[in-house]
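The block underneath contains the structure these notes are about, expressed in structure tokens.
Note on naming: letters A, B, ... go to the chains in the order of the sequence lines (proteins, then strands), and numbering restarts at 1 for each one.
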Amino acid sequence: MVVAVVWFRNSLRIHDNPVLSWAYESENVDSILPIYIFDEEIQQKSTLTMGEQRLRFQFDCVDNLHQNLKDKLDLDLHVFLGDSIDVLESIKQQLQSFEVILLNEYSTNPRDRKQSESIEKNFFSTNQNWSAKSLPASQTILDIEAIVNSSGFKSPKSMKDMVRLFKTEFGDFDNIVFATSEPNPSVGKPKQALSVNSEYQISLDKIRPLLSKPTYFIGGESEAIARLENKVISQQDYVNSFNKPKSISTNTKDNPMEPTTTGLSPYISTGCLSIRRLWNSCSKIQQSGEHTVPPVSLHGQILFREMFYLLSRSVENWDQDSGNSQCKEIEWGELNQVQLEAWELGQTGFPLIDAMMRQLDATGWMHHLGRHAVSCFLTRGQLWQNWTHGRDIFERKLIDSDWALNNGNWLWLAGVAPFSMPYYRIYNPCPDSKSSLNVETKDAEFIRHWIPELAEFPSKYIFEPHLAPLHIQESAGCLIGKDYPSPIIDRKEARKRNLQSFKLSLEKLR
DNA sequence: GGATCCGTTGTAGCT
DNA sequence: AAGCTACAACGGATC
């Protein structure tokens, strides 16, 4: 008997999952064993590498996958807790008399790659009846490994490069539609039921109560498909006119937690939503009429994602400040634990920054432009801290954490990469009517929501409450320096100093 | 081969 | 109040 072990890692979905479809439709496969392996750390509610909301989101993705596999394909997702080699060894004990094909996923994340490597080295060499099968990437559109290893590969640096690459790979850019798979029960032979017993196996019901409750976004393929429908497929005008978001506000009238953007990123990073399906949904809408184009369109956003995946695989030390060809080693300041903590906890005395960081902590989400504002503030804008400190905090807290993208975006925003924005374009943490971050009434509401101390503050002073006359602070019931922090830095003075320091660092590097 | 252009996403000050 | 201008000025691609 041939057993296909489908190891779900970064594609927690049934739709457009080449590995699952292959197993389901293959004539050679008699039985399917879908597995998911949690690191033991999930029992701890939050850990060094995963914050509470991120852990919970991940759990809900697996929970939903378990449910959908049962309902739609009558398959039992086996969930384990422990080191992946130990878990696979224990599965091996149960499947000794079978021929086993392990379907593993490709990744650019060094942690995943190291794990896959050690599995190849220590597992397959000693288990003759086990084999591995690799299939096209499911995390990305491009076959990252193949492209990076192709002769004449050059790191893409701009949207132009990416559009060119897509044209070479897929032809006429305006009409790209990708083939996607769906497990089809009428193809292939019926699968035999199979179950294993392992000391590492754990029921999802045991883990659930250990974790925090989700505050807004619920993980899982079902939510992903519903969100795709609500925010993309049924929003044709929005898709066709998609452009750089101008307002930093995440508020919508009916639901203060709902982003003005699609909010699909956590579903893409966990693989609940296929990037190819999202691309196709956009293509279909755009065929109906006029539409924006890369870099600003939704397709453009996807191209940037692909670009960062290519870079993350081809650039040595992609996540490092030194030894990274895409990172200029700026002489950042010594780690300032007090300021870094104020930033992380939303206690900088800059309401916009603090609201964003408090939202991140509470929900695992932050608006795109908010990420720009807070990362600029931490690095070249005000606090002059190394971008890797902020990167770590984002990595841990964001429910859409993605190693390739998180590092790419920080390199971009810190102004250290060749593809990044010019270092002297510094976001104003206290935007006014002239700022690129448009100020709307909604933004004041957003700040009052996340910083209840400022709930009664007039809009006029909401971005810089310390400038409000004392009698206004008193009538708003919030004394700056007592009920809400005074600014931890003179933003204008710091901005000026940092511009000079950045320039000086660049000169030294030349 | 030097000049010019371009890169998804700026700010401050003056009129 | 919106619009213009100065600021600050990288580095690779292209002409």
Check: What is the distance, rounded to the nearest whole Å, between atom CE of A:Met421 and atom P of B:dC6?
Finding: 19 Å
Margin query: Just so I know, are the side chains of A:Trp403 and A:Ser107 near enough to count as touching, which here means a heavy-atom distance under 4.5 Å?
Written below: no
Next item on the list: Send over the distance from A:Phe419 CZ to C:dA13 C1', rounded to a whole Å.
Entry: 17 Å
Note to self: Using the C1' atom as the point on both nucleotides, what is the distance between B:dT8 and C:dT5, in whole Å?
What the structure shows: 23 Å
Notebook entry, point to check: Base, sugar-phosphate alone, or nothing: which one does A:Phe304 contact when heavy atoms must sit under 4.0 Å apart?
Noted result: base
Note to self: On the nucleotide C:dG11, are OP1 or OP2 found under 4.0 Å from the side-chain N or O atoms that A:Lys157 carries?
What the structure shows: no
Check: Under a 3.5 Å cut-off for both distances, is B:dT9 Watson-Crick or wobble paired, and to whom?
Finding: none
Check: Which class fits the ring pair A:Tyr423 and A:Phe502: parallel under 30°, tilted 30 to 60°, perpendicular over 60°?
Finding: parallel
Next item on the list: Sort out the partner of C:dG3 for me: Watson-Crick or G-U wobble, both distances under 3.5 Å, none otherwise.
Entry: B:dC14
Margin query: What's the gap between C:dC7 and B:dG7 when it is taken at their P atoms, as a whole Å value?
Written below: 24 Å
Check: Which atom names give the shortest non-hydrogen contact between A:Glu41 and A:Thr49, and what distance separates them?
Finding: OE2-OG1, 3.0 Å
Notebook entry, point to check: So which nucleotide does C:dA8 pair with, by the Watson-Crick or G-U wobble rule with both distances under 3.5 Å?
Noted result: none
Check: For the side-chain hydrogen bond (donor to acceptor under 3.5 Å, both in side chains) test, which of A:Arg9, A:Glu105, A:Arg111 pairs with A:Ser116?
Finding: A:Arg9
